[in-house]
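Reading through the C-alpha cells given below for one structure.
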Amino acid sequence: GDSVTQMEGPVTLSEEAFLTINCTYTATGYPSLFWYVQYPGEGLQLLLKATKADDKGSNKGFEATYRKETTSFHLEKGSVQVSDSAVYFCALTQYNNNDMRFGAGTRLTVKP
Amino acid sequence: GAGVSQSPSNKVTEKGKDVELRCDPISGHTALYWYRQSLGQGLEFLIYFQGNSAPDKSGLPSDRFSAERTGGSVSTLTIQRTQQEDSAVYLCASSLLTRNYGYTFGSGTRLTVV
C-alpha cells in the first residue's frame, strides 16, 4: 500500500543553518504530497503542498519539490529560526480518495 | 465555524471511567478523521467518516473505542472503561477534497487517565 518514509529525528540545528528533512514515498498513480508542521502543544497545520510532478510548494521560507523520478518531497529552508522548532510530517493522498498517509514525523530543534 | 473545533481541550479521568470527545468539523467538509498521538509519537489512525458511507473503523485499537458522526457533521469519539495506555492527544481533522487542500486539524483533546 501507499506509504511515506521520513528521515528520523531529532534534528538539532543552530539558528540560520540550512535545513533539509528528507521524505520519500511509495504510491501507485499520481499522489498529492504535503508537509504539515506541529508546534508544541498544538494540532497539525498545513505548511505546503504539491499536487503534481515538478510542482514546488512553498510557505514561510520553506520549500519542497515533487520529484516523481526519485519519489521524493524533501523539505528545505535556507535559514532556520528558533521559532521553526516543531515536528514536521510528510504526507500523501491519492487522486481518487480522501485518505491521507503520514510519515512518522521529524522533530526539529533550532538553538539560538 | 472557521476551523475544526474539538472539546474538551483537556480531560483528566479516572481509570475505568468512560469519556466522550467531541469534534465539530468545518461546515461542508464531507470527510472526518480521528487520530491518536501518544507522547512524542507520530499519528495513529483511528477512524474515518466519508459522507453517508459506512465508516472505516480499521484503526480502532479495541472494542472499547467507538465513534459516531451525526447528520454528517459533529462527531463523538467514545472510550469506555479507560485505561492508562489510552492517555494521549486525540486529534480530529476534516477535509473536502484532500488531494487539493489536505486535512484541516483541530487542536486536539489531551486525555490523561489516572
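Proteins come first, then strands; the chains are lettered A, B, ... in the order of their sequence lines, and each starts at number 1. In this text the structure is predicted, and so the values were computed from the model without any measurement.
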Hydrophobic cluster membership, with links at side-chain heavy-atom distances under 4.5 Å among I/L/V/M/F/W/Y: are [X] and [Y] in one?
X	Y	answer
B/Tyr48	B/Leu21	no
B/Leu46	B/Leu91	no
A/Phe89	B/Val89	yes
A/Leu33	B/Tyr101	no
A/Phe73	A/Leu19	yes

I need the residue from B/Gly102, B/Gly108, B/Cys92 with the largest number of non-hydrogen atom pairs under 4.5 Å to chain A.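 Max contact count across the listed options: B/Gly102.
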Return the OH to CE distance between B/Tyr33 and A/Met100, rounded to the nearest 0.5 Å.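 Atom-to-atom, B/Tyr33:OH and A/Met100:CE are 7.5 Å apart.
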Neighbour count >12 (heavy atoms, 6.0 Å) for atom [atom1], [X]:
X	atom1	answer
B/Gln83	CD	yes
A/Glu42	CD	yes
A/Tyr39	OH	yes
B/Glu14	CD	no

is_close_aromatic(A/Tyr36, B/Tyr103), centroid dist under 6.0 Å: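 Not close enough - the centres of the two rings lie 6.0 Å or further apart.
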Expected contact set for residues 103-112 of chain A against chain B at heavy-atom separation under 4.5 Å reads A/Ala104, A/Arg107
Strictly less than 4.5 Å between heavy atoms, which residues of residues 44-67 of chain A line up against chain B? Please order them by number.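 Under the 4.5 Å heavy-atom cut-off, A/Leu44, A/Leu46, A/Lys49, A/Thr51 qualify.
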Using the side chain to side chain contact (heavy atoms under 4.5 Å, CB included) criterion, which residues pair with A/Ala27? Sequence neighbours excluded. A/Asp2, A/Tyr25, A/Pro31, A/Leu92, A/Gln94
Could you pull out all residues at least two apart from B/Ser53 that satisfy side-chain hydrogen bond (donor to acceptor under 3.5 Å, both in side chains)? none
Can you tell me which portion of B/Gln37 sits under 4.5 Å from chain A's heavy atoms? Options are side chain, backbone, both or neither. side chain
